[in-house]
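Heads up, the thing below is written out as structure tokens.
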Amino acid sequence: MGTSEWVYEAVGVEKLSQCMFCTFVSHSGNASYSDLCFYCNEIFGCVGLRQKKYSILNTQYDSATYYELKDKLIEHMKHTGEWGMFFPSTCSPFAYNETVAHERYPLEKNQALALGFRWRDSDPQPQVGAPADLPDDSLETPQSITQSTLICQESGKLFKINGPEYNFYISQKLPIPRISADARYARRMRRR
């Protein structure tokens with residue numbers, strides 16, 4: 001949170017004063033329920049503003065109208081049970097299994113859905129790649145492999161080996177991977 005004060009339930013913020021329920025807001029004061037706003041004061045429910053004041057839902061008002069509307073919104077949110085709660089998971093652009101939360105607190109699909117989270121199943125992959133049956137010795141693998149699409153032996157997803165990655169494996173005398181980077185990452189996370 002950098003050098004902030006009086007901040008409640010915020011993520012990725014810096015240099016704030018008297019702000020709550022914000023994500024990626026910086027150099028601002030008296031901001032609530034806002035995202036990606038910079039150098040703003042007295043904002044409520046705003047996204048992507050710079051150097052604005054007395055704004056609600058990205059509309060700027062005079063100070064008297066701003067406070068009157070803000071009070072009405074807060075009363076409405078109290079009535080609906082939204083006031084005092086961080087952004088709901090329905091506002092997330094990512095499904096549960098696409099976030100770091102899934103790595104730290106793994107849930108099965110049915111558990112995540114029962115808790116109200118979204119889940120994204122893998123897109124069906126057309127099987128146009130070559131199986132990743134590669135030689136164990138990377139020096140025997142031609143550089144043309146960087147032009148191929150491979151099929152991950154673990155997940156069945158398509159993946160590629162790029163030029164710098166190929167050069168690294170050759171220089172370190174490591175075999176070219178037969179599973180995708182995502183599958184290797186998932187393996188590492190399971191071992192934690």
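One-based numbering along the sequence shown. All values derive from a computational prediction rather than experimental measurement.
- Of all non-hydrogen atoms in Y96 and A101, the two that sit nearest each other are OH-O, 3.4 Å.
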TODO: Please step through side chain to side chain contact (heavy atoms under 4.5 Å, CB included) for the pair V25 and L36, ending with a clear verdict.
DONE: CA-CA 5 Å; V25 174; L36 292 169; over 6 Å; no
For this session: Could you walk me through whether E75 and K78 pass the side chain to side chain contact (heavy atoms under 4.5 Å, CB included) test, one step at a time?
Result: CA-CA 5 Å; E75 281 307 310; K78 285 179 180 177; 3.8 Å; yes
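- F117 is not connected to F86 by any chain of hydrophobic side-chain contacts under 4.5 Å among Ile, Leu, Val, Met, Phe, Trp and Tyr, and they are in different clusters.
- Aromatic ring orientation, H27 versus Y39: parallel (interplanar angle below 30°, classes split at 30° and 60°).
- I161 contributes atom CD1, which lies 11.5 Å from atom CG of N167 (distance to the nearest 0.5 angstrom).
- For CE of M189, the number of neighbouring non-hydrogen atoms (other residues, nucleotides, ligands) closer than 6.0 Å is greater than 12.
- Listed for the S92 side chain is no donor-acceptor partner under 3.5 Å among the backbone atoms of S89.
- Rounded to the nearest 0.5 Å, atoms CD (Q111) and CH2 (W119) are 8.5 Å apart.
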**OP:** Test S26 against F38 for side chain to side chain contact (heavy atoms under 4.5 Å, CB included), laying out the working first.
**Re:** CA-CA 5 Å; S26 72; F38 308 96; 3.1 Å; yes
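- The two atoms that bring C37 and C46 nearest to each other are SG-O, 3.7 Å, heavy atoms only.
- Counting non-hydrogen atoms of neighbouring residues, nucleotides and ligands closer than 6.0 angstrom, the CD atom of E108 reaches no more than 12 such neighbours.
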- request: Output, in order, the C-alpha distance, side-chain angles, deciding distance and verdict of side chain to side chain contact (heavy atoms under 4.5 Å, CB included) for D121 and K109.
  value: CA-CA 9 Å; D121 292 316; K109 178 179 180 177; 2.7 Å; yes
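- In this structure, the separation between CZ on R188 and CZ on R190 is 11.0 Å, given to the nearest 0.5 Å.
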Between S17 and E5, does the side chain to side chain donor-acceptor pair (under 3.5 Å) criterion hold? Intermediate values first, please. CA-CA 5 Å; S17 178; E5 62 181 10; 3.3 Å; yes
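- Expressed to the nearest 0.5 Å, how far OG of S34 lies from CG of L49 amounts to 7.5 Å.
- The cluster map of Ile, Leu, Val, Met, Phe, Trp and Tyr, joined by side-chain heavy atoms under 4.5 Å apart, puts F94 and Y185 in different clusters.
- Counting all heavy atoms, side chain and backbone alike, K70 lies closest to I56 at N-CD1, 3.6 Å.
- Contact between L107 and H102 at its shortest, heavy atoms only, is O-CE1, 3.2 Å.
- Between the side chain of N58 and the main chain of V47, a donor-acceptor pair closer than 3.5 Å is present.
- Expressed to the nearest 0.5 Å, how far CG of L16 lies from CG of N30 amounts to 10.5 Å.
- The shortest non-hydrogen separation linking T141 to Y166 is O-OH, 2.6 Å.
- Atoms OG and NZ, on S28 and K53 in that order, are 12.0 Å from each other to the nearest 0.5 Å.
- Taking the six-membered ring for Trp and thresholds of 30 and 60 degrees, W83 and F44 have nearly parallel ring planes, at less than 30 degrees apart.
- Hydrophobic clustering of Ile, Leu, Val, Met, Phe, Trp and Tyr side chains at less than 4.5 Å, counting indirect connections, unites L115 with Y105.
- Using a 4.5 Å cut-off between side-chain heavy atoms of Ile, Leu, Val, Met, Phe, Trp and Tyr, with links allowed through other members, Y8 and I74 fall into the same hydrophobic cluster.
- Hydrophobic cluster membership is shared by Y33 and L69, with clusters built from Ile, Leu, Val, Met, Phe, Trp and Tyr side chains linked at under 4.5 angstrom.
- The ring of Y61 has its center no closer than 6.0 angstrom to the ring center of Y54.
- Side-chain atoms of S180 and S155, non-hydrogen and from C-beta on, do get closer than 4.5 Å to each other.
- The two residues I151 and F159 have their closest heavy-atom pair at C-CE2, 3.8 Å.
- Side chain of N97 to backbone of R120: a donor-acceptor contact under 3.5 angstrom is found.
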